[in-house]
Structures are given as structure tokens and as C-alpha cells.
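Protein chains get the first letters and strands the later ones, always in sequence-line order, with residue 1 at the start of each. All of these numbers come straight from a predicted model, not from anything done at the bench.
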2 protein chains.
Amino acid sequence: MRRMKIRSYAYTKGPDEIKFKDGSRWRHPYRAKNSYQLDMYEKVSREAVEKAEVEMSDIDLIIVASAGMVQMIPCTAALLQERIAPNSGIPCMDVNTTCTSFITALDVASSFLVTELYQRILIVSGDLVSHFINPNQEESYRLFSDSGVAFIVETTKENKGILYSKQETWSEGAHTTEIRGGLTAYGPSLYSEDTKEDFLFDMDGKSVLMLTLDKLPKMLKETLQHNNIQLSDISKIVPHQASRALFIVERKLKLKKGQLINYFEELGNMVSGSVPYTLGLAMDQGEIKEGDLILLIGTAAGLTMNCMLIQL
Amino acid sequence: MRRMKIRSYAYTKGPDEIKFKDGSRWRHPYRAKNSYQLDMYEKVSREAVEKAEVEMSDIDLIIVASAGMVQMIPCTAALLQERIAPNSGIPCMDVNTTCTSFITALDVASSFLVTELYQRILIVSGDLVSHFINPNQEESYRLFSDSGVAFIVETTKENKGILYSKQETWSEGAHTTEIRGGLTAYGPSLYSEDTKEDFLFDMDGKSVLMLTLDKLPKMLKETLQHNNIQLSDISKIVPHQASRALFIVERKLKLKKGQLINYFEELGNMVSGSVPYTLGLAMDQGEIKEGDLILLIGTAAGLTMNCMLIQL
């Protein structure tokens, strides 16, 4: 086990609620020039530090684990540090596996705790989706919400931490979920009325679902076998709130009522914010408690898939 | 010590040589739409795997550690996997601290090796700077070269690995080196003849140098003290080839002749490719040998600074 304790967390969602048939989405009004991603990150980071009853200077690493960055240079974590801990020298880095970036960041953070490179780490996730979703692509447009989520994790001698984790990337799906424009493959100078959709989120939901159904059950099965447990041994499953397909998963896996945390109607898909927001909210609502064995699971653009067993 | 062995490496530079007063720069002809970043990554990844005398399927994690990404979604490592290992399931992630991304990725990779999450990791760095440098900003325009660099690192029982590492980020310098446009803070829709320089690299070299001179010597001193060594105990220093200021550093630190690897005239500043390219080239030229104690050191946008002591 990679010992790790969740010290505190905080989360926020986009200020404006939009109602769709399958639930609420939370969005910030679109502005091409804005600081809202950092505004959300600053708010939740300060709140998490306050709840942790530590000083900002007690944080010894800031990881931003999001799908979308604020600027191409420097890394987003450095821009966040400028807001919350200037003149601190706290090291900053970005980790990116799109929607499951938070789970991957927990792999990184917990490994740093084991090697004692760092002792207390702030991980910030969530995306400003309102900046890059395409109103003309109804399927994806109605999925997403803006969010910012901060978790502080630290070393512990208690029997808490990551029991197991597994990530797979299946690049057959690399172009089923993408934003092609804006960086080195397809530069901003190509932006025009004709090309503008190339700079927005583009998803082929059916292909994503097909590849997920092909690969994810096998990964889940391996996770259970490797740990010699049954699905029923897991207190709660915290999935990436990808879509309404969560309801199908719940039935297919024959889960106990309430075992799968499903906030999709209330939150929508928060991209990199989805898993940590769901985890935080479930803890606040008493659905997840200290001592629980939980499974974080999700798919991301790439197509990447993550499973992580955590003893809380 | 985080045990880790360099199994193999490979590097390439931009195809076109441009001569400046202070040396050669290597660039790919600018095209707004191009795949050259991935072309370089594919070439060096295949070469590193061949030199390692392993199969691609023996790699169990791909980390892309670069300053500039290829697309906003998915992560660059997934796009690279599509080229070199489709249908493999090899997990993919991006790590970003701009120019020192490779050093940070070694922190991540070596910690993963210690926790046994992964056993053999492909790290790919380097940037397609020709895509985002500004010909009107002479100071920065004449610094940079395109590059792709791949290293394969793995577990070992030998007495090799990372003895110590330290990273600091000083966000007072967050805006002294940046690309403001293209992502969520300043969207592609703002691109115009008037704003186009906001989508290009912008550096205030003097401010970077001032902040570096203020912070880096202290960090280096702490690194030496913590490890109870003198500068003269270090076989070779592999710095980020930031600029001609390397020559000043060499004199100021009173280093032994040849102790600091300085390829700036030959290579220019290769952004995230700089440190690993310098390391690989120095090993190929016999300047760095197995058994050497080396120091990787560099500054990055952020302003981030890294020091890492490696027993080869």
C-alpha cells in the first residue's frame, strides 16, 4: 500500500445552472479572454488549506491535474501559485491524462509520499469547459459542467492509502475525443469562421462507449482478481461522471443500491473535476466515510482508463 | 536513493540549421498545421526502444514531458502511443514544468519505479519551438532549437539512481516567460493580425536572469550541503542550455575545465529537450560515463528551478 491520507478538500462549480433533460449543467458565461479557471482554482485551494488547518507554506508541492491548461506556457500550477502562494518557492507541476488526471495525479502524489520527496501535496483539478464546448455538437454540449476541485493529501502512519492502481491507454480512441486546434499540430493562426469548430471539443460518444465497453470490464475484473476481492467488498465506487451511461453500468454490474455514486443529473460531466468532485461531495453527504474501501474508476480522452482502490 | 538505470536514449534536432552569431539553431520550417512534434517523438522513441533491445510492449508507461503540447485534448503521450504502440494499452501521461519537464519527469518516473507501479518507462521530451517563437522578438527568436529526445529508464539492483532532487517555483517570474494565447485564458477566437504576438513566445530575458541569479545559487548550495559534497565532487554538470549566460555560470562557479557541459553554441536552447539532449550527447561523446555522479540543473518558465543528483 502507498500510504496516503486525505487531509482536506474543497470544490466549486460554474456559477450558472443550465437545465437539460438529463439534469443540471454548471457553466461560466463564455468569454474568450478570462481568468475563471484560475479563479475557481484559487477559491478551492484556499478553502482546502483552511480546512486542513495548515498554512499555505506547509504545502510542499502543487500539482494541477486538468484536461485544459490556462496558457501554453508556463504550466498552470505556476499560475495558480502566483494567486495563492507567491514568494513561497513551492514547486509546481502539471499532470495530464484529461478526464482522469486526478487519479493519475494521485498515483504521482502517493509515489512522491512513499519516496519522501514531498510530504503534503495540493492537487487541483477541474476544467473551464464553457470555454471550449461546441454549441453545435448537441451530444457533447449538453454533457459538461465547469468546476474546480482541490484535495490536500499527506503522509500518514495510519493504514490508509492506495492499495492498487491500474491505468491503460488505448489510442485507437485518440481521436474520438479531442480538441485539435490551438497548439502545435494546428496553430491559432488557422482560426477562422470556417475552422472555428476545430478549436472546440469534438466527441464521438458512440465510439467512446464501444471502446469503453470492450476494455473497461476486463480492467475492472483484473483489478478485483489482483486484489482477491469481489465487487461487493467495495464500499463505494466513485466513477467519472461521464454520461447517463452510468445508469447502465449500475445495472450491468448488479451493484448494491447506492454502491455506485451517481451525481450525473446534478453535476453533469466535470471532465478532470468529475472524480474528485464526486468523491468530495459523497464524503460531505456521508455516503463515503473514513475506513471505507473505495474504487475510483473512469475513462478519459486518449482513450485512457483508470482504476484505483483506496483505503480511506 | 531512488534506484533507476538509464537503459537507452535517442535524440534528434530540427532538420534546418540556422546560423546566428552565437551558434547554430535547428528548426523545422514553420507550418501552422503540421505533425512534426510527433514525427520527432516517434523517431526517437523507436530508436530508443531498438537500442534498449526490448520490444515496444516491454515499455509499461509513456510520459511526454514537454513545454508545448500537440493538441489540447488528448494528452500528447496518447497521440505518441498511437504512432508507436497502438493496441498496446500502455498507459500514457503528460508531465509539464516547461523547460525542466524532463527533470520533473525523472522525479515522477523514479518514484514510480520505487513503488513498483511501473518497471520500465519511456520519457519523451523536446519541443517544436519553430511553431511558436516570435521573429519580431530577436532576443528569444535567436535562442531556440526544435528537438525530440527519448530516454528509457528502468528498475535496477545496481547502485544507480537519483540521490537527491529539489524543485522550486518562483511565480514572481510567471509572466517573464510565457505564451498567453491559445488555451482557456485567452482563446484562439481572439487571434488576429493585431493580437498574433500574444499567441507566440514572449520572454523578458533580463528578468529571468535576475530572478535566476537571486534564487538558483542558494538552491545549488543547499543541494551540496544536504548531500555533504563539494561542487568538485560532481563529475559533470548538465545544465539546461538556456543561453550564453552559461559561460558566465562556468566562470562564476569556478568549475573545472569541461565540468559544465556547454553545447549552447552547437544546439541552442531546446526548451524541454535541452537537458536530456545534452545528457545523451555528452554520454555519446564520452564526456559522461557510467559511474559518474552528475548534476542536472535548470530553470524553466514558472519560474521553476530544478536540481537533481544522479549516480549513473
Side-chain angles (χ1 to χ4, degrees), chain A residues 2 32-35 37 67-75 78-79 81-82 86-87 89-98 104 107-108 111-112 114-115 117 128 131 165 167-172 174 177-191 196 199 201 301-302 304, chain B residues 2 32-35 37 67-75 78-79 81-82 86-87 89-98 104 107-108 111-112 114-115 117 128 131 165 167-172 174 177-191 196 199 201 301-302 304:
Chain A
R2 282 169 270 150
K33 190 175 177 179
N34 77 88
S35 65
Q37 187 167 352
M69 293 172 69
V70 170
Q71 298 187 176
M72 185 163 168
I73 289 176
C75 70
L79 295 169
Q81 197 228 59
E82 188 184 23
N87 303 303
I90 299 172
C92 294
M93 60 185 281
D94 290 356
V95 167
N96 182 352
T97 56
T98 328
T104 305
D107 266 339
V108 172
S111 296
F112 283 161
V114 168
T115 57
L117 190 52
L128 183 61
H131 197 270
S165 63
Q167 181 177 327
E168 292 175 0
T169 300
W170 299 97
S171 58
E172 301 89 300
T177 309
E178 62 179 344
I179 298 179
R180 286 176 289 280
L183 296 168
T184 73
Y186 194 98
S189 66
L190 295 170
Y191 189 92
K196 67 181 184 186
F199 294 80
F201 188 80
T304 287
Chain B
R2 282 169 270 150
K33 189 175 177 180
N34 76 87
S35 64
Q37 188 167 351
M69 292 172 69
V70 169
Q71 298 188 177
M72 186 165 168
I73 289 176
C75 70
L79 294 170
Q81 197 230 56
E82 189 185 21
N87 303 303
I90 299 171
C92 294
M93 59 185 282
D94 289 356
V95 167
N96 183 352
T97 57
T98 327
T104 304
D107 266 341
V108 173
S111 296
F112 282 161
V114 168
T115 57
L117 190 52
L128 184 62
H131 197 270
S165 64
Q167 180 176 329
E168 290 175 0
T169 300
W170 299 96
S171 59
E172 302 88 300
T177 308
E178 63 180 343
I179 298 177
R180 287 176 287 280
L183 296 170
T184 73
Y186 194 97
S189 66
L190 295 169
Y191 189 92
K196 67 181 183 186
F199 294 81
F201 188 81
T304 287

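Contact count versus chain A (heavy atoms, under 4.5 Å) is highest, among Ser35(B), Gly302(B), Pro188(B), for Pro188(B). Most heavy-atom pairs under 4.5 Å with chain A: of the set Pro91(B), Ala78(B), Cys75(B), this distinction falls to Pro91(B). Interface summary for chain A: among Gly187(B), Ser111(B), Gly182(B), Ala301(B), the most heavy-atom pairs under 4.5 angstrom belong to Ser111(B). Between chain B and the options Asp107(A), Asn87(A), Thr97(A), Val95(A), the largest number of non-hydrogen pairs under 4.5 Å is found for Asn87(A).
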Is there a side-chain contact (heavy atoms from CB on, under 4.5 Å) between Val114(B) and Thr115(A) once you walk through the steps?
CA-CA 7 Å; Val114(B) 168; Thr115(A) 57; 3.7 Å; yes
What's the verdict on side-chain contact (heavy atoms from CB on, under 4.5 Å) for Ile73(A) and Thr98(B), showing C-alpha distance, side-chain angles and the deciding distance?
CA-CA 7 Å; Ile73(A) 289 176; Thr98(B) 327; 4.0 Å; yes
Residue pair Val108(B), Phe112(A): steps toward the side-chain contact (heavy atoms from CB on, under 4.5 Å) verdict
CA-CA 7 Å; Val108(B) 173; Phe112(A) 283 161; 3.7 Å; yes
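Heavy-atom distances place the side chain of Arg2(A), and not its backbone, under 4.5 Å from chain B. For chain B, the nearby part of Glu172(A) is the side chain; its heavy atoms alone come within less than 4.5 Å. Only the side chain of Gln37(A) has a heavy atom closer than 4.5 Å to any heavy atom of chain B. Proximity to chain B (any heavy atom under 4.5 Å) is restricted, for Leu79(A), to the side chain, taken from C-beta onward. Looking at Ser189(A), both its backbone and its side chain come within 4.5 Å of chain B, counting heavy atoms on both sides. For Leu117(B), the part lying under 4.5 angstrom from a heavy atom of chain A is the side chain only. Both the backbone and the side chain of Tyr186(A) come within contact range of chain B, with heavy atoms under 4.5 Å apart.
For the residue pair Gln167(A) and Cys92(B), the shortest heavy atom distance occurs at NE2-O, 3.0 Å. Between Met72(A) and Met69(B), the closest heavy-atom pair is CE-N, 4.5 Å. Trp170(A) and Gly89(B) get closest at one heavy-atom pair: CZ3-N, 3.4 Å.
To the nearest 0.5 angstrom, Glu82(B) atom CD is 5.5 Å from Ser171(A) atom OG.
Within the 4.5 Å cutoff, no side-chain heavy atoms of Met93(A) are placed close to those of Asn96(B). At a threshold of 4.5 Å between non-hydrogen side-chain atoms, the residues Leu128(A) and Thr184(B) count as touching. Counting heavy atoms from C-beta outward, Leu183(B) and Gln71(A) have side chains that stay 4.5 Å or more apart.
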